[in-house]
Amino acid sequence: MYQKYAGFEKILMKFEKFFVMIAFVLIFITVVIQVVQRAFNLPIPDTSDLSIIAQSVFTFMCVGMLVNTQGHITIEVHKMIKNREFLYIVEMIKNVVTLIFAGLFIYLGYDLAAYAITGGTATMAMRIPLWIPYGAMLIGLIFMVLHTIGEMMRLQYCKKHDLPFAEEEDIESMR
């Protein structure tokens, strides 16, 4: 079961990477345009709205990716806790707290996205609909939930098959 879900997560990661890369390219292009505009005092329309929207999409779409790659801020409990059963409990509690956090923000994100869609709110300069960043928040947090469930399944699989919960990193070799 875990292997099938891990396959689903790989497909999900491709989708996430696609939107993150589009947002990243938009951020880069708009910042370059803004610098050139200011440096040469060119009559180019303000692109800061597009940059801000792309940054929000980038941020919220990366949330789920960071959970999947374990790239989010963590405490190295694997090195501090030697008891495997206790470590498993700590990791599962961490994931439950993550699910509660994501659930709360999904609720808030849904309200914001629904309000933006029905109200037709948009940015000031370029009139970009605000449902885009609010929708990105909602989708990013749903991805976070899906990846957290995958992490819980991975922990269960590792416990059942007596595999390590995390790979050891040799910090000295990273220098």
Side-chain angles (χ1 to χ4, degrees), residues 1-27 52-117 129-175:
M1 176 78 169
Y2 166 69
Q3 283 89 1
K4 288 182 181 181
Y5 197 84
F8 165 70
E9 281 191 294
K10 284 182 182 179
I11 294 168
L12 197 60
M13 280 290 285
K14 288 180 182 180
F15 178 77
E16 290 169 287
K17 285 178 186 177
F18 175 76
F19 281 103
V20 165
M21 288 309 298
I22 288 173
F24 187 73
V25 168
L26 278 174
I27 293 167
I52 291 168
I53 297 296
Q55 288 174 24
S56 65
V57 170
F58 179 84
T59 300
F60 292 122
M61 294 302 283
C62 282
V63 167
M65 291 175 66
L66 290 172
V67 170
N68 188 34
T69 61
Q70 297 295 308
H72 55 303
I73 299 172
T74 59
I75 300 170
E76 293 294 327
V77 294
H78 301 277
K79 293 182 181 185
M80 295 187 306
I81 301 173
K82 301 301 179 193
N83 183 320
R84 189 170 166 79
E85 287 297 318
F86 186 64
L87 178 62
Y88 174 78
I89 291 167
V90 168
E91 287 289 325
M92 288 306 245
I93 289 171
K94 173 199 75 160
N95 288 316
V96 169
V97 169
T98 301
L99 288 174
I100 292 168
F101 170 84
L104 176 66
F105 277 91
I106 286 171
Y107 174 75
L108 296 172
Y110 176 78
D111 280 350
L112 282 171
Y115 175 75
I117 290 169
L130 287 179
W131 63 262
I132 296 171
Y134 298 149
M137 181 173 99
L138 185 61
I139 291 168
L141 288 164
I142 290 170
F143 289 159
M144 182 180 184
V145 166
L146 293 173
H147 289 307
T148 302
I149 291 169
E151 173 63 11
M152 293 172 89
M153 291 173 74
R154 186 189 69 77
L155 288 169
Q156 192 80 15
Y157 180 82
C158 289
K159 181 180 180 192
K160 182 179 178 182
H161 293 88
D162 202 29
L163 298 170
F165 293 135
E167 294 180 22
E168 285 289 321
E169 289 185 36
D170 183 17
I171 296 173
E172 293 300 320
S173 68
M174 298 172 110
R175 294 178 188 220

Are [X] and [Y] close enough that some pair of their side-chain heavy atoms sits under 4.5 Å apart?
X	Y	answer
Leu155	Asn95	yes
Tyr107	Asp111	yes
Asn68	Glu16	no
Thr69	His147	no
Cys62	Thr59	no
Leu146	Glu9	no
Phe15	Phe143	yes

Just jot down the salt bridge (Lys or Arg N to Asp or Glu O under 4.0 Å) partners of Glu151, sequence neighbours excluded, or say none. Arg154
All salt bridge (Lys or Arg N to Asp or Glu O under 4.0 Å) counterparts of Lys159, not counting sequence neighbours: Glu85
side-chain hydrogen bond (donor to acceptor under 3.5 Å, both in side chains) partners of Tyr110, counting only residues at least two apart: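 If we apply the side-chain hydrogen bond (donor to acceptor under 3.5 Å, both in side chains) test to Tyr110, skipping adjacent residues, there are no hits.
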Enter the distance from Thr148:OG1 to Ile100:CD1 here, rounded to the nearest 0.5 Å. 11.5 Å
Fit a plane to each ring of Phe101 and Phe105, take the angle between them on a 0 to 90° scale, and name the class: parallel (under 30°), tilted (30 to 60°) or perpendicular (over 60°). tilted
Can you tell me how the ring of Phe58 sits relative to the ring of Phe24, calling it parallel under 30°, perpendicular over 60° and tilted otherwise?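 Judged by the thresholds at 30° and 60°, the geometry between Phe58 and Phe24 is tilted.
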I'd like to know whether the aromatic ring centres of Phe8 and Tyr5 sit less than 6.0 Å apart in this structure.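 Yes - the distance between ring centres of Phe8 and Tyr5 falls below the 6.0 Å cut-off.
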